[in-house]
Amino acid sequence: MSNSTLDTLLRRYETRNSCNNLLNYENEIMNHSELERESNKFAEFLIRLGVKKGERVIIMLELNIETIVAIFGIIKTGAIYVPLDENMQKENVDYVLQLVSPSVCIYDKKYEHNFEMYKGHKVVYGTKQEEHYTFESYKDLDGVFEKRKIISKDIVYIIFTSGTTGHPKGVMVNHKAIITFLEHVVCNHYHGKLVRSLCRTPIAFDPFLTEVLPSVISGGQVYIQNRNVGLKSFLKFLEEKRITNFGCGPALLLLLKSNINVVKKYDLSALHDIYIGYEKCPVSVIKFLMEEYPHINFINGYGTTETFAASTFHFISAEDLDNEDGIAIGTPINNVEIFVVNREGKLAKNGEVGELVIRGDTVFPGYWNDEEKTSNQLRKHPFLNTGNEMVYYTGDLAKKDEMNNIFFVGRKDDQVKIKGYRVELGEIQNVVEQNRMVKECCILLIKDRLVCFYNTYTKEKIEVELATLCKKKLVKYKCPKEYIYIDTFGRNHNGKIDRKELRERYVKAEIREMHIN
């Protein structure tokens, strides 16, 4: 599979896995051969519209089988698909339209207000439109078109970040990055014909492809479920479809732990692997679930949009749960190297916090039409004297122990200065979470004061215990001055704690019952 491209992936494995029910959604099933045939039709449809290699095709559709058909069809033309989150603000949609100059926009009719001013080809899903092309038009074609030369360095998609600070950045990802990830997962993790993967990540987020593509190679099956379902519907789906693996962030694991009596009512005996990502998960949550479900592998991963989904994996063991540094993020996947660089630009010593830097085949080639932001993140390799290899400075903080295990500390953006000292907020969070009663916590610097927001499984306020723990484990200037109980943390669209909202609530004095240390 080395040096392959995604357009050849379906063709290469079609004979071997032709009859496997690759995609399953509600009452619809599509096998490998059918996906190959239908995506060829969609590619022909786009080529007839005049789409050329390297042109951008915007797509704003909900996750279903036909959306996957469209994405594979775009890839086969050599064009670049640009998936947009249906929750993206209109001003950001307008910004992306202007930035990428798409030749075609594909969207569901309910999102048409985002594309009223767009003057190019519009393909509307789920409705008949005289003035635009109908999405379903591709089904009447033969799927015959002249194959285009596509190489591993060609761009597959551009994903735009949330744009919480200024305009969103367009991350370009090429075939090589995706294939490198797939080779590692299929070769090093259990992924065969008996695998039933859950796919529920919207197409505008990079984990989406990781939930679909491994089964293209292995002959496994993919079961698609809407992300916005309740806990019982989610668990019933896992039980009825006999799902063997899924990926999630801490928010879902916290929900499972908090509702374990409900979870226990469902048969999860088929579940084999749970991949953990997005942000750091409290050790207490993982420990609890591992004890309740010893047959499940809990796999910690670290990744960024700029390096396609995951750069490391770590199968969590019982020994990991007693490590005061938390759970390691694991070792780099094949053809990827990770090192930690300190503030002086040298390799960090064991235990020293520094910036995580990634080199290898998964590193993105840059941000679309943004040389300044690209040069900030992609820089010349700091330790090679020859060549001009570029490596990715992630903006994440980490440290290594004497066994070369890597531990995520936090974001460089979350590094603050107090009384002239640099403080990593993630280090304080890690100490607070050593109290097993803590469900979640978030540390913020507000008005020159470190504030610890937290909640507990028992709804009990434990400010005194946390203050005592921090005094024992941290130097004085790192200890929070306030400990504030939060019944429920707000979440952003990525499922992470909404720090901006938390800060605003504090400033507005909406949450000011506190213990002052």
Side-chain angles (χ1 to χ4, degrees), residues 164-165 249-251 253-254 276-286 300-304 311-312 314 316 320-321 323-330 338-343 348-358 393-401 405-418 421-436 438-446 449-455 466-467 469-484 486 489 491-492 494-500 502-503:
T164 53
T165 55
L253 297 184
L254 282 163
I276 307 166
Y278 305 113
E279 64 177 333
K280 194 173 182 180
C281 184
V283 176
S284 59
V285 176
I286 299 172
N300 197 27
Y302 168 82
T304 66
S311 298
T312 70
H314 177 68
I316 302 172
D320 293 316
L321 304 176
N323 192 327
E324 289 194 355
D325 288 322
I327 296 173
I329 61 174
I338 291 181
F339 42 93
V340 181
V341 178
N342 63 20
R343 288 195 295 271
K349 300 176 182 177
N350 291 339
E352 182 183 9
V353 175
E355 185 171 2
L356 208 61
V357 178
I358 303 176
Y393 282 73
T394 65
D396 287 329
L397 299 174
K399 61 182 178 181
K400 288 186 177 182
D401 64 12
N405 296 309
I406 305 171
F407 296 87
F408 177 81
V409 175
R411 285 290 299 165
K412 194 175 179 181
D413 295 340
D414 296 332
Q415 192 178 63
V416 298
K417 240 181 182 179
I418 300 174
Y421 295 101
R422 291 184 184 272
V423 176
E424 288 81 29
L425 300 182
E427 180 187 2
I428 304 170
Q429 177 182 336
N430 188 58
V431 169
V432 172
E433 289 177 348
Q434 289 177 22
N435 185 305
R436 299 308 190 200
V438 172
K439 182 179 179 181
E440 285 186 286
C441 80
C442 180
I443 313 296
L444 295 178
L445 179 66
I446 304 177
R449 301 170 68 83
L450 285 172
V451 183
C452 170
F453 301 92
Y454 76 98
N455 56 24
L466 296 181
L469 176 64
C470 287
K471 286 180 180 178
K472 180 180 178 181
K473 299 281 188 176
L474 298 168
V475 295
K476 187 175 181 179
Y477 64 84
K478 293 183 180 181
C479 293
K481 296 299 181 183
E482 303 178 36
Y483 297 82
I484 302 177
I486 300 291
F489 283 100
R491 302 276 174 182
N492 59 29
N494 286 325
K496 298 180 180 181
I497 292 175
D498 193 330
R499 294 172 173 242
K500 182 180 179 181
L502 200 57
R503 183 183 297 275

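Y477 and Y421 make their closest contact through CE1-CB, 3.3 Å (heavy atoms, listed as atom of the first residue, atom of the second, distance). Looking at every heavy atom in both residues, N300 comes nearest to A328 through ND2-O, 3.0 Å. Listed here is the closest heavy atom pair of I406 and A398: CG2-CB, 4.1 Å. Considering every non-hydrogen atom in both S311 and I358, the closest pair reads OG-CD1, 3.7 Å. Of all heavy-atom pairs between C470 and P480, the closest is SG-CD, 4.0 Å. Across all non-hydrogen atoms, the minimal contact from I338 to T312 is CD1-CG2, 3.3 Å.
Every residue meeting the side-chain hydrogen bond (donor to acceptor under 3.5 Å, both in side chains) condition with T304, not counting sequence neighbours, appears here in chain and number order: T307. Take D401 and apply the salt bridge (charged side-chain N to carboxylate O under 4.0 Å, His left out) test, not counting sequence neighbours, and it matches no residue. By the side chain to side chain contact (heavy atoms under 4.5 Å, CB included) test, N435 pairs with M437, V438, I462, E465, L466, L469, sequence neighbours left out. Scored by the ring-ring contact (aromatic ring centres under 6.0 Å, His included) test, F339 finds H381, F383 as partners (sequence neighbours excluded). In terms of the salt bridge (charged side-chain N to carboxylate O under 4.0 Å, His left out) criterion, K349 has no residue partners (sequence neighbours excluded). Scanning for side-chain hydrogen bond (donor to acceptor under 3.5 Å, both in side chains) contacts around R411 gives D396, with sequence neighbours left out. Partners of A251 under the side chain to side chain contact (heavy atoms under 4.5 Å, CB included) rule, at least two apart in sequence or in another chain, are R491. A search for salt bridge (charged side-chain N to carboxylate O under 4.0 Å, His left out) contacts involving K399 returns D325, not counting sequence neighbours. Taking S284 as the reference, Y457 meet the side-chain hydrogen bond (donor to acceptor under 3.5 Å, both in side chains) condition, with sequence neighbours excluded. Partners of V283 under the side chain to side chain contact (heavy atoms under 4.5 Å, CB included) rule, at least two apart in sequence or in another chain, are L321, I327, R436. Taking the ring-ring contact (aromatic ring centres under 6.0 Å, His included) definition, one finds that Y302 meets it with nothing, sequence neighbours left out. For D320, there are no salt bridge (charged side-chain N to carboxylate O under 4.0 Å, His left out) partners, not counting sequence neighbours.
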Full working for side-chain contact (heavy atoms from CB on, under 4.5 Å) between Q415 and L397:
CA-CA 9 Å; Q415 192 178 63; L397 299 174; 3.8 Å; yes

Stepwise, does the side-chain contact (heavy atoms from CB on, under 4.5 Å) test hold for L445 with V423?
CA-CA 10 Å; L445 179 66; V423 176; over 6 Å; no

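Judged by distance alone, the side chain of N455 and the main-chain N or O of E440 form a donor-acceptor pair under 3.5 Å. Using modelled atom types, no side-chain atom of Q429 and backbone atom of C442 make a donor-acceptor pair closer than 3.5 Å.
Atom CD in E433 sits 6.5 Å away from atom NZ in K280 (nearest 0.5 Å). A distance of 12.5 Å separates CD of E352 from NZ of K400, quoted to the nearest 0.5 Å. Between the CZ atom of F407 and the CD atom of E427 there is a distance of 13.5 Å, given to the nearest 0.5 Å. The line from CD1 of I276 to SG of C281 is 5.5 Å long, rounded to the nearest 0.5 Å. Interatomic distance, I497 CD1 to I486 CD1, rounded to the nearest 0.5 Å: 10.0 Å. Taken from CD in E424 to NZ in K478, the straight-line distance is 6.0 Å, to the nearest 0.5 Å.
In this structure the side chain of N342 never reaches within 4.5 angstrom of the side chain of V340, judged on heavy atoms. At a threshold of 4.5 Å between non-hydrogen side-chain atoms, the residues R499 and D414 count as touching.
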